[in-house]
Amino acid sequence: MAILPIYVAPHPVLKKIADAVEGGVTDEHRKLMDDMLDTMYATHGIGLAAPQVGESLRILVLDVAQKGDIDEGTHEKGTPMFFVNPEITWTSDEQNIYNEGCLSVPGQYAEVERPEKCRVKFLDYDGNEQEVEMEGLLATCIQHEMDHLNGILFIDHLSTLKRDMLMRKLKKWTKMNADDIAETHVL
Ligand code: GNR
Ligand code: NI
């Protein structure tokens, strides 16, 4: 159990193509996934990619069903899901628009269009190969997380004008909150 600091844009680790996990899922990878899940719950995220905690590896955790508020003591885990070396094998023609946020772009939100459904092949927590189909928020979230493994942030889907505006707002946000986030974020 550990809560890891979150790397904030424009940190270079967020721009790298993450390395595939070679030789199967080990206890070391499982410890990273457990810590990522704790970190995700502690920060109220619904997904987290390893590069966001400074590990350039193709590992993700998701839980879009978590409910309640950790500060109020009403926080409940939904269904945590773990993905190692995920690959999108199919996307629907149908698109969906969500107002996205990102723990690495704190305080900023924008609408992003992505396929409404997708199929993903991956190794699970135990290292077994699986393929699942996702839709709605889950599909949006896994595509957002997969982007992180390829050095892409949700703001990279916006026009240059909107992206520059959000990055300027982010710089102001990090300056304003510098004291509060010194231990929880890496700038
Ligand atoms: O917590 C998160 N919420 C969210 C909302 C809409 C679309 C994507 C996301 S993912 C984000 C957590 C995060 O930054 N994951 O990389
Ligand atoms: Ni993100």
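Heavy-atom basis, side chains included; hydrogens, waters and symmetry copies ignored. Both ligands and their constituent atoms are indexed starting at 1 by order of listing. Positions are given from 1, in the same order as the sequence printed here.
The closest side-chain donor-acceptor pair between Glu111 and Asn99, if any, does not fall under 3.5 angstrom. Between the side chains of Glu100 and Thr140, no donor-acceptor pair is found at a separation under 3.5 Å. Checking Ser92 against Glu116 by side-chain atom types alone, no donor-acceptor pair falls below 3.5 Å.
For atom 9 (C) of ligand 1, the closest non-hydrogen atom of the protein is Gly101 O, 3.6 Å. Taking atom 12 (C) of ligand 1 as the reference point, the nearest protein heavy-atom neighbour is Gly47 O, 3.2 Å. Nearest protein neighbour of atom 8 (C) of ligand 1, counting heavy atoms only, is His144 ND1, 3.5 Å.
Checking side-chain atoms of Asn150 against main-chain N and O of Ile17 turns up no donor-acceptor pair under 3.5 Å. Tyr7 contributes no side-chain N or O that, together with a main-chain N or O of Val13, makes up a donor-acceptor pair within less than 3.5 Å. With hydrogens and angles disregarded, no donor-acceptor distance shorter than 3.5 Å links the side chain of Asp156 to the backbone of Ile152.
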- request: Go through Asp147 and Arg114 one step at a time and tell me if the salt bridge (charged side-chain N to carboxylate O under 4.0 Å, His left out) criterion holds.
  value: CA-CA 11 Å; Asp147 273 354; Arg114 302 180 187 271; 3.0 Å; yes
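Looking at Glu100 against ligand 1, both its backbone and its side chain come within 4.0 Å, counting heavy atoms. Residue-level proximity to ligand 1 for Met40 is absent, since no heavy atom of it falls below 4.0 angstrom.
Near Gly45, with a cut-off below 4.0 Å to any heavy atom, the atoms of ligand 1 are 1 (O). Using a 4.0 Å cut-off to heavy atoms of Cys102, the atoms of ligand 1 that qualify are 14 (O).
For the pair Ile46 and ligand 1, the shortest N or O to N or O distance falls below 3.5 Å. Checked by distance only, ligand 1 and Leu103 come closer than 3.5 Å through their nitrogen or oxygen atoms. Residue Thr140 places no N or O, backbone or side chain, under 3.5 Å from any N or O of ligand 1.
In the hydrophobic cluster analysis, where Ile, Leu, Val, Met, Phe, Trp and Tyr join through side-chain heavy atoms closer than 4.5 angstrom, Tyr125 is grouped together with Leu4.
Considering Gln52, Glu145, His44 only, the shortest heavy-atom separation from atom 10 (S) of ligand 1 involves Glu145.
Between NE2 of His144 and NE2 of His148, the angle at the Ni ion (ligand 2) works out to 100°, rounded to 10 degrees.
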